[in-house]
Student: 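Below is one structure. I have some questions about it.
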2 protein chains.
Amino acid sequence: MAARTKSSEPKPTKGERTRARLLQAAAREFAQQGFDAARISDIVARAEVSQPAFYLYFGSKEAAYAEVINQFRTRLRNAIRSARLPKDLEKDQIADRVRWSVTTLLDALASDRDLLEVGFYQALAAEEIKAELSEQIAANVAAEQADGFFRTDMPPAFFANCLIGIIERMARSKSTPSERQQQARFIAELLLNGLRVQPHS
Amino acid sequence: MAARTKSSEPKPTKGERTRARLLQAAAREFAQQGFDAARISDIVARAEVSQPAFYLYFGSKEAAYAEVINQFRTRLRNAIRSARLPKDLEKDQIADRVRWSVTTLLDALASDRDLLEVGFYQALAAEEIKAELSEQIAANVAAEQADGFFRTDMPPAFFANCLIGIIERMARSKSTPSERQQQARFIAELLLNGLRVQPHS
DNA sequence: TGCCTATATTACTCGCTAGTAATGTTAGTC
DNA sequence: GACTAACATTACTAGCGAGTAATATAGGCA
């Protein structure tokens with residue numbers, strides 16, 4: 001693979017590539033087996049190196065796990081940043097804005113299912129990062145409330161938790177990008193307008 | 001084994017009480033540590049018996065885990081049955097009916113946090129039982145759609161998954177019964193009417 | 001009281017897996 | 001081609017924890 005066309009990373013040395021393979025293999029094993037059941041022997045077999053090679057790059061099983069989690073955190077943080085509601089939309093397009101945010105988050109979470117499984121569903125730190133996500137969402141909701149687009153009789157934090165619950169669940173189901181768009185559309189519609197029949201549909 | 005499990009359980013024999021203590025201890029350890037990290041030695045210490053006593057009542061660690069999961073499944077099934085929307089309410093009281101269902105489910109899930117943790121969040125069988133729950137909810141939603149109370153442009157299964165995601169998340173946060181009632185109220189309100197400012201509050 | 005069964009314990013084995021010491025092999029540079 | 005890091009391997013050890021054999025005690029009933 002001569003994917004050498006990177007500006008910032010001129011040439012990944014052999015060790016770096018091995019390390020990357022190990023990390024990916026670790027992510028998969030941790031995702032499928034969980035931390036305790038995952039075996040170093042399986043990780044190195046998947047990466048096609050032998051056992052002590054693992055310890056050339058990671059101090060311990062725990063260290064590798066922590067690094068997988070960190071990778072996920074970083075990606076999710078970036079996604080949260082991208083998902084910020086663009087404020088320059090028309091006032092009547094809240095639906096579009098919410099849909100954009102939900103789509104961005106769903107796509108980011110679905111982009112690497114191993115990281116998702118470890119970082120969002122089995123790590124001790126999962127609640128922590130969800131709290132971070134929750135805060136961001138709540139802040140956005142509060143802003144919309146202040147702007148008069150959202151009703152104010154519902155706590156932003158509560159809404160944020162609902163949205164996270166929904167996203168958690170949707171992210172887990174394998175789906176194509178277009179299916180995810182569809183899901184995002186439904187989610188936005190449900191959260192904005194509810195399931196009750198609309199007075200003037 | 002003396003099949004003493006009759007109508008009102010006249011006297012639990014010593015063995016039965018030990019077994020119950022072990023099962024409860026196992027539920028706690030499994031909930032807090034996960035299956036692999038949970039140690040038989042910790043379980044028996046918590047139950048205040050010694051190691052081989054465990055194997056008098058459970059064939060293996062796996063067997064005990066399976067029994068914990070089964071306990072949860074049974075309880076949740078009962079809760080689902082109780083949560084069926086009572087059909088004899090007025091047509092204008094959908095909110096009450098949804099609230100009732102949500103409250104019932106939340107209460108049932110919160111009634112034993114160890115079982116909840118194992119059966120809903122860490123068991124391989126968790127997705128299975130959530131699918132069961134999802135079907136029930138979807139069926140209810142479909143009925144409401146047929147009766148003209150819910151909009152029909154949203155798939156019942158999708159709505160069911162959203163609700164489960166929300167309930168999953170809410171159930172995890174420790175809360176008093178009255179807080180749960182409040183949560184249920186918000187959930188019903190959000191899912192029925194949405195977050196957008198209402199045309200005529 | 002003495003008997004029998006259910007219940008429990010002490011003191012092990014044994015496999016499995018994270019981690020390591022000693023040693024070998026590439027790949028880049030002169 | 002020869003030298004030197006960086007990279008990798010074979011062949012171990014250590015200890016943890018599930019499960020077991022042999023043995024001891026409680027408690028209901030004649």
Side-chain angles (χ1 to χ4, degrees), chain A residues 1-4 9-69 118 122-124, chain B residues 1-6 9-69 118 122-124:
Chain A
M1 287 304 166
R4 190 69 39 103
E9 312 217 357
K11 48 177 173 184
T13 164
K14 198 186 178 195
E16 284 167 349
R17 292 185 62 238
T18 303
R19 191 193 147 89
R21 276 211 322 283
L22 274 167
L23 196 57
Q24 193 176 344
R28 166 127 326 159
E29 288 296 325
F30 286 141
Q32 292 183 347
Q33 314 288 338
F35 176 79
D36 292 286
R39 275 162 230 138
I40 305 284
S41 60
D42 290 341
I43 293 175
V44 295
R46 188 180 285 276
E48 293 176 306
V49 290
S50 250
Q51 200 136 346
F54 180 89
Y55 292 95
L56 280 177
Y57 299 103
F58 307 99
S60 65
K61 196 183 177 187
E62 279 86 356
Y65 194 68
E67 198 156 331
V68 170
I69 292 174
V118 173
Q122 62 180 229
L124 278 181
Chain B
M1 286 302 164
R4 191 59 56 87
T5 52
K6 267 302 150 191
E9 313 219 4
K11 49 177 172 181
T13 163
K14 198 185 178 196
E16 284 166 349
R17 293 187 59 238
T18 303
R19 192 193 145 89
R21 274 210 325 281
L22 274 168
L23 197 59
Q24 193 176 346
R28 166 127 325 160
E29 288 296 324
F30 286 140
Q32 292 184 344
Q33 315 287 339
F35 177 78
D36 291 286
R39 276 164 230 136
I40 306 285
S41 59
D42 289 342
I43 294 175
V44 296
R46 189 179 286 277
E48 293 177 305
V49 291
S50 251
Q51 201 136 342
F54 180 89
Y55 292 94
L56 281 176
Y57 299 104
F58 307 98
S60 65
K61 196 183 176 187
E62 279 86 355
Y65 194 67
E67 197 156 331
V68 170
I69 292 173
V118 173
Q122 62 179 227
L124 278 181

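Below, chains carry the letters A, B, ... as their sequence lines are ordered, and counting in each starts from 1.
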Student: OP1, OP2 of D:dT10 versus side-chain N and O of A:Ser50: anything below 4.0 Å?
Tutor: yes

Student: If we fit an axis to the first five pairs and another to the last five of the helix from C:dT1-D:dA30 to C:dC30-D:dG1, what angle do they make, to the nearest 10°?
Tutor: 0°

Student: Determine whether more than 12 heavy atoms belonging to other residues, nucleotides or ligands lie under 6.0 Å from atom CD of A:Gln24.
Tutor: no

Student: Taking atom C1' of C:dT20 as reference, at what distance in whole Å does atom CG of A:Leu56 sit?
Tutor: 12 Å

Student: What is the separation between atom OH on A:Tyr55 and atom P on D:dC12, rounded to the nearest whole Å?
Tutor: 19 Å

Student: What pairs of residues pass the side-chain hydrogen bond (donor to acceptor under 3.5 Å, both in side chains) test when at least one of them lies in residues 58-67 of chain B, not counting sequence neighbours?
Tutor: B:Arg19-B:Glu67, B:Tyr65-B:Gln122

Student: Evaluate the side-chain proximity of B:Phe54 to B:Leu22: yes if any heavy-atom separation is below 4.5 Å, no if none is.
Tutor: yes

Student: For A:Glu48, look at atom CD and say whether over 12 heavy atoms of other residues, nucleotides or ligands are found less than 6.0 Å away.
Tutor: no

Student: Which of residues 18-42 of chain A sit near DNA chain D, with a heavy atom under 4.0 Å from it?
Tutor: A:Thr18

Student: Let me know the distance between OH of B:Tyr57 and C1' of C:dT7, rounded to the nearest Å.
Tutor: 6 Å

Student: Check whether any side-chain N or O of A:Lys61 sits under 4.0 Å from OP1 or OP2 of C:dA18, and answer yes or no.
Tutor: yes

Student: Please say whether more than 12 non-hydrogen atoms of neighbouring residues, nucleotides or ligands are located less than 6.0 Å from CD in B:Gln32.
Tutor: yes

Student: To the nearest Å, how far apart are A:Gln51 CD and D:dT9 P?
Tutor: 11 Å

Student: In Å, rounded to the nearest 0.5 Å, how long is the span from CZ of A:Arg46 to CZ of A:Arg28?
Tutor: 5.5 Å

Student: As a test of reading the structure: which of C:dA11, C:dG19, D:dA11 is closest to the side chain of B:Pro52, going by heavy atoms?
Tutor: C:dA11

Student: Is any side-chain heavy atom of B:Tyr57 less than 4.5 Å from a side-chain heavy atom of B:Leu23?
Tutor: no

Student: Without decimals, in angstroms, what is the distance between A:Arg17 CZ and D:dC7 C1'?
Tutor: 14 Å

Student: Could you work out which one of D:dA8, D:dT9, D:dG19 sits closest to the side chain of A:Lys14?
Tutor: D:dA8

Student: Just the rounded figure in Å: distance from P of D:dG17 to CD1 of B:Ile43.
Tutor: 13 Å

Student: Side-chain contact, heavy-atom cut-off 4.5 Å: B:Arg21 with B:Val49?
Tutor: yes

Student: Rounded to whole Å, how long is the line connecting atom CZ of B:Phe54 with atom P of D:dA18?
Tutor: 9 Å

Student: Determine whether A:Ile43 and A:Phe30 make a side-chain contact, defined as any pair of heavy atoms from C-beta on separated by less than 4.5 Å.
Tutor: yes

